[in-house]
Structures are given as structure tokens and as C-alpha cells.
Amino acid sequence: MAHGAAAGHGAHAHGEHDHHPTGWKRWVYSTNHKDIGTMYIVLSMIAALLGGMMSWYIRLELAEPGIQFIEDTQFYNVLVTAHGFLMVFFVVMPAMIGGFGNWFVPLMVGAPDMAFPRMNNISFWLTAAGLVLLVMSAFVGGGPGTGWTVYPPLSSIAYHPDAAVDFGILALHVAGAGSILGAINFIVTILNMRSPGMTMHRMPLFAWSILITAFLLLLALPVLAGALTMLLTDRNFGTHFYDPAGGGDPLLWQHLFWFFGHPEVYIIILPAFGIVSQLVSTFSRKPVFGYLGMAYAMSAIGVVGFIVWAHHMYTTGLGVNARAYFTTATLIIAVPTGIKIFSWLATMWGGSIDFKAPMLYAIGFIFLFVVGGVTGVALANAGIDFALHDTYYVVAHFHYVMAIAAIFAMFGGYYYWIGKISGKQYNECLAKTQFWLFFIGVNVLFFPQHFLGLAGMPRRIPDYPDVYAGWNMVSSFGALLTMLGTFLFYYIVFHTIRSGKPAEANPWGEGATTLEWTVASPAPFHTHEVQPVISAGDHGHGGHGHGAHPRPAE
Amino acid sequence: MLGAQARGINRTKLTAVILFAVVAAMGGLAFASVPLYRMFCQVTGFAGTPRTGAYVGTASAGAGAAGEVTVRFDANVNSQLPWQFQPVERQVVVRPGEEVLIHYRAHNFADKPITGTATFNVTPFKAAQYFNKIECFCFTEQTLKPGEDVSMPVVFYVDPQLFEDPNTAEVRKITLSYTFFPVETQAQQPSAGEKAL
């Protein structure tokens, strides 16, 4: 455990008289990792409502064959595009990396704040500016109806002649710059600012996951920025990077985009792995099984994630050797992923499991991730992918494995940490209701889409033949349940802040062994004012020790 | 302790500088990917990039009827280019190593001179590395006067290795395809190398 004297001092002596800026300056000029983390979480909750409403509108249109609500098919494309961008760049990334990462990485590794607090501020505001620009792009001309993949020639000046796509490109540039700065901040913090004794191999898995994610961001986002710049100059300055008429090739975009895009899905899911590892360990009251294996499995997933991108492009005319390679490389990812799944199960095995809401979400995550992972192994095969490419099977696959799995980890993380963030504990009964509503909702929503995809229903089309009517109605009904679950979550947030019970420093008992539980709830403005010292006997920060744990000192 | 802290801050800055350099390098790599991939294709004949260069083959020794390949010619014109463009012969049967001369014809319908440039590739892709062009109108830009009708020669040979590589041994038909595009402005003339993509 963190040595109580140090942590307790920070918790009690400074709980009441933190001096910090007040009013709007506290937030706009903030250099405090906790305040910035909170702003990221609020940003993602706003974006989630926007992106969610778009998806519910899409499901409303798709509930029945024929055109019901969305007469303008370009507008349908804009909805699909904006839903994807919002959820990926402005919901999952800000919540898990910017939000929970900012809040808990410095706390977990025993650092007083991030390495570059002012750069942390600009990261957030660039992300916020990116969100505003993206929303604005939908109102320019016909809006960007390119899908989140922005393939040329559809995204070229010939098919999107107004400035909507340029606005979207600017939004991604700005948000990407913010993410890169944030990633550099995380890496520097984790590599250089750990407390004495907090070696890399004692670091909690959540901190590990953020470290690896930050490296992926660092390597992948500049490639997206380069590809977007080429698209921008193709559209506006007469270059021909993607235009065969001038010696270019639209496939160049696909290669560059997916060189970014595939690591991007790991950027989304790796922090979820980290959160789930903390949750499973805490609520099973056991250290994580195979701690080092877990850390290096995440590293392996990160590395292999960079050499599998063309499995998104099997039908573009890749040679058979390229398809064989990308199929094999993709299937290999199942190995480190399997290590993670089995290690979580082994952590639970024989544990004294406490089925609180965060644990339900962690188990829900594992279930969803396995379902999506299995369909992923199917889709990894180029031969099968030829049949299923661009069908709802793919939609079902990536929503299971990456979208709702990530959302489950975020919900779990939210319930786990809200006491530490706000000082108020959520209502367990409401939270469990919300879990079951959401869990049933997303499964009713996405599972039938496997059947639709196998039957050949194509993606990104607002209408479909009558033969697909039944499962589409079921899927839309699932979307309704999911919507109720989402609204209930926003109510729980409101309820917690307004009338939640005061949270203890450690509401989870002996299972919660990481350093954030050694400071008061809500965490004081400045934490670890006296540096915690971790010694060799203090196992459990990464949950890799053995046997029973002493209660964290308070 | 102070010294250690100072060192810590320097290490922090050093780490950040290295990371910014990584970002710059990856951004540069996105742009470098085009020439790098072109070099890769020209060296390996990957993705249907035909080999170009002087004749180095040996007139096929002992390649019988089984060793003959039909080479078919395909011609396309971009809609922005008012030309007619087609091969004189639709296909020829060649023996491996044999140096072959064929012609395309192009006609300019417009009332002004127009410069065009052709992209090309070979299918099946895997055969491209054994398809060598010695001379081709596609190596340079072509300017046609109003109403002009020209003959455009291609000299090529098929490397006998085609029959020895187990991956391509069954190939008996190779299609050489060209697409002519207008050259829009002088500033944007793609070089011969760029056309290899």
C-alpha cells in the first residue's frame, strides 16, 4: 500500500483549504489534471448525446422498409458520418484517455500532476474546438456524407463540392493535434514522474493501457494528418494524390487511412482493457492474474495493430499473397487478446466477487468483447470477408467489439470512480437497473444485425427490401431500450451529483489497491503533495502480488 | 535532491522532444509512402507494375507450344480527353523471351492540340514482374495536333521466368491495359516515374 502517512496527509490536511482559481477561470485556464479530466468527461457526455441521437434517428428510419423520415439521402449519409466521428473522436477518446486518463494516471503512478499542465489545457481546448468544427461541418452545404472513412473519390471536390468536407478535415486536424499533445503528455508523465518504487512492472494496468494507447496515438495520428492534408490539397489546390488522372491513386487514401484507422480501434479499446482490469481485480478482491502477461499482451496488440491494416481492404483488388499475409497477421491478434480474456476469467476464478454495478459492466464488457472478437476472427479471413464486406455483419462486429464494449468500460469506470471524482456515491439500485436495461438493449440492437449481414443487407443505405424487415424492427426496438438506458444514465449522473451519499476515500474495500483510493473523496485539488513511496513488499498496485492484501491506509 | 530534480526536468524535456520528433517522422512518412511504395513496386513488379528497360532476355530455348502466352491489349480514354485510342491488334501470341512490336492508334477529335499521358498496368498482377517493356509511348507525354492520327508503338517481351515461377506457371493470358488522361497544366505534369503507379 502507499505509505499511509504520506497519502493520509494529502487527504486530510488539504481537503478543505485547497487554494485554486474560482469561477470560469478555474476551468478555461485550468492546468489541473483533475479539472481537465472532468472537462473531458463532460465534453464526451455532450458528444455522446449528439452521436446517440443520430444513431437513434438512423434506427428510426431503418425500423421499416421504405423511406419514413429521412427523405434526403445525403442527410442520411451525413448522419452516419457524424455518428461515427462523434463516437470515435469525441466520446470514447475524450472519456477514456482525456477523462479517466487525466484523472487517474497521475494519481495511480504517484505524480502530482501531468508533466506539462499547460499543454494539457491546450489538448482539451483543441479537442473542444474540433467538436465545434465537426458539428458546424454538418451545416455547411450538404454536409459531409462520406462515412467516417472519407474515401475519395466520394470525398473529392467532384462529389462534395462545398466546404463541408474541408470543415470536417479541419475538425479532425485540430482534434488530432490535441490528441497528439495529450499523448506526449501521458508518455512523459508515465516514463518520468512515477513515485519512487513505482517501477514499470508495478504500475497499475490502467496506467499501462494509457501508456500504450499514447504510443499508438503518437504513431497513428500523424499519418491521418498527412492523409487528410493530401485530401485537402487535392480538393483545393489541384494536387492529385488520390486522382488517377494526375498519376495518383484513391487506394493510397485507403492504405494511409487504415494505417491510422486500425490502430485507432485499439486506441479505443486498450484503455477499456485497462479499466476492466482494475474493475475485475477490485471486485474479485484478487490481484490481476498474470499481471505481466496482461501488460505485455496489450503491448503486443499495439505492435501487431500496425501491420494488419489492409484487412479493411480485402475487396480492393489486393493480390492473393497480400490477402494471405493480412489474414494471418490479423488472426494472430487473437492470441494476445485471448491472454487478456482468460486472465480476466482467471482473476475472477476463486475470487470473492462483489457484483456491484462496475463489476457488472466489466463482465458485460468481457461478454460483448468476446462476441465481437469471434465475429472478428471470422471476418479476418479474406475469403469470408468477400461475402460479408460492407454488410451489416461488419456493423454488428465492430459495434460489439469496439463501440459498445468501450461504452461498457466507460460506464464501469464511471461508476467505479464517480465517488472519487465528485465525492458522491451513485445509487446502486439505479445503476444496476441501468446496466440491465443497457445490456439487454445493445444486444437486442446489434445481435440481429449479424443475421441481416449474413443475409446480405448492405451498410449505409437508408432503405432495404422487405425481406430484411423483421430483424430491422427488432434491432430498432433494441435501440429504443438502449436510448432509455442512456437517458437513465444521465439521470443517475444528475441524481449522484445532487443527492448522492458522500463517498468514502475507498468505498470498495480491500480489493481496491491502487493509489487513487488512498486520497480523500472527492480527491483534493492537489494530491500526492508528499510523494508516496512504494516498496517491494507493497504488491498490488498492478495487482500482481499474491495472497491477501492489507486494507489501504486512510 | 535539487540536482536530481533538475535532471528529472531535463529528462522530461528530452523525452518530449524525442516524442515530437516521432510525430514529425510519422507525418513525413505519410508523404514519403508514395515514393517509397513506387520504388518498392518498380523493384518487385508488385501490384501489376510492369518492368521497363533494355532487352535482357534470351530468345526462348526449348519453349514449345505449351510455352506460348497470349498478350491482349486494352485501351481506355478518360472522358475529359477528346481522343479515340485503340490497339491495332487486339491480341498477339508471343513466345517467352521473344521481342515483340505492337501498335496502338490515337486520333485527336478536338480543334486544338492536346497533350495526354497514359497510365498502364498488367493483369494478372502476379505476371507483371515478368512483363518487360523496352519501349513505350507511355514513357513520355504525347501531344496530338488537331485531327492528327498517330501510331503509338510498344516493344515488350515476356520473361521466360514466367513459366518457372510456380506462382505464375499457369498464366497463359496477360492483359496490358492503358488509360489516357489529359495533361491539365504544365505545372502538374507527372513524371514518367509517377505514372508507374
Side-chain angles (χ1 to χ4, degrees), chain A residues 111 114-116 119 176-177 179-181 183-194 196 214-215 217-230 233 237-249 251-253 255-257 259-260 263 306 316-322, chain B residues 4 7-34 37-38 41 45-48 76 78-81 116-119 121 123-126 128 167 179-185 187-197:
Chain A
M114 297 288 281
F116 305 107
M119 195 163 91
S179 290
I180 289 173
L181 294 178
I184 291 173
N185 222 337
F186 278 119
I187 297 174
V188 175
T189 306
I190 293 173
L191 292 185
N192 296 319
M193 292 174 62
R194 299 186 312 276
F215 270 107
L217 282 166
L218 205 67
L219 296 171
L221 276 173
V223 177
L224 175 71
L228 286 170
T229 306
M230 291 181 217
T233 58
F237 305 115
T239 57
H240 293 90
F241 287 104
Y242 307 124
D243 182 4
D249 191 338
L251 273 185
L252 171 65
W253 167 269
H255 280 290
L256 291 177
F257 179 84
F259 185 83
F260 146 81
F306 274 103
T316 58
L318 289 183
V320 71
N321 288 334
Chain B
R7 272 202 305 281
I9 285 168
N10 285 339
R11 228 184 89 188
T12 300
K13 280 192 179 152
L14 179 67
T15 316
V17 168
I18 293 170
L19 296 177
F20 274 111
V22 169
V23 171
M26 289 308 289
L29 211 57
F31 286 88
S33 65
V34 179
Y37 184 65
R38 182 189 308 140
C41 289
F46 188 73
N76 307 281
N78 180 270
S79 60
Q80 303 297 308
L81 188 67
T117 181
T119 62
N121 85 338
T123 45
F125 284 172
K126 62 185 179 182
N167 199 23
T179 306
F180 251 108
F181 290 100
V183 176
E184 284 168 15
T185 64
Q188 296 160 10
Q189 285 178 7
S191 67
E194 275 172 328
K195 282 179 293 184
L197 270 177

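Every chain is numbered from 1 and lettered A, B, ... according to where its sequence line falls, protein lines coming before strand lines.
Of the two parts of A:Asn185, neither the backbone nor the side chain holds a non-hydrogen atom closer than 4.5 Å to a non-hydrogen atom of chain B. Only the side chain of A:Ile180 comes within contact range of chain B, with at least one heavy atom under 4.5 Å from a heavy atom of that chain. Looking at A:Leu221, neither its backbone nor its side chain comes within 4.5 Å of chain B, counting heavy atoms on both sides. With a threshold of 4.5 angstrom between heavy atoms, A:Leu219 approaches chain B through its backbone and through its side chain. Residue B:Phe180: no heavy atom, backbone or side chain, is found under 4.5 Å from chain A. With a 4.5 angstrom heavy-atom cutoff, A:Leu252 touches chain B only via side-chain atoms. If you measure heavy-atom distances from A:Ala115 to chain B, the contacts under 4.5 Å come from the side chain alone.
Using a 4.5 Å cut-off on side-chain heavy atoms (C-beta onward), A:Phe116 and B:Thr12 make contact. Between A:Pro244 and B:Thr119, every side-chain heavy-atom pair lies at or beyond the 4.5 Å cut-off. B:Leu29 has its side chain out of reach of A:Val223: every pair of non-hydrogen atoms, C-beta onward, lies at least 4.5 Å apart.
Taken to the nearest 0.5 Å, the CG atom of B:Leu14 stands 8.5 Å off from the CG atom of A:Asn192. Interatomic distance, A:Leu191 CG to B:Leu19 CG, rounded to the nearest 0.5 Å: 7.5 Å. Rounding to the nearest 0.5 angstrom, the gap separating the OH atom in B:Tyr37 from the CG atom in A:Leu251 is 8.0 Å.
Taking the six-membered ring for Trp and thresholds of 30 and 60 degrees, B:Phe31 and A:Phe241 have ring planes more than 60 degrees apart, a perpendicular arrangement.
Qualifying ring pair (Phe, Tyr, Trp, His ring centres under 6.0 Å) partners for A:Phe306, counting only residues two or more places apart in sequence or in other chains: A:Phe259.
Across A:Val188, A:Ile187, A:Thr229, the residue that shares the most heavy-atom pairs under 4.5 angstrom with chain B is A:Val188. The residue among B:Gly27, B:Ala24, B:Gly28 with the most heavy atom pairs within less than 4.5 Å of chain A is B:Gly27. Between chain A and the options B:Val23, B:Asn167, B:Thr15, heavy-atom pairs under 4.5 Å are most frequent for B:Val23.
In this structure, A:Met230 and B:Ala30 approach most closely via the heavy-atom pair CE-O, 3.3 Å.
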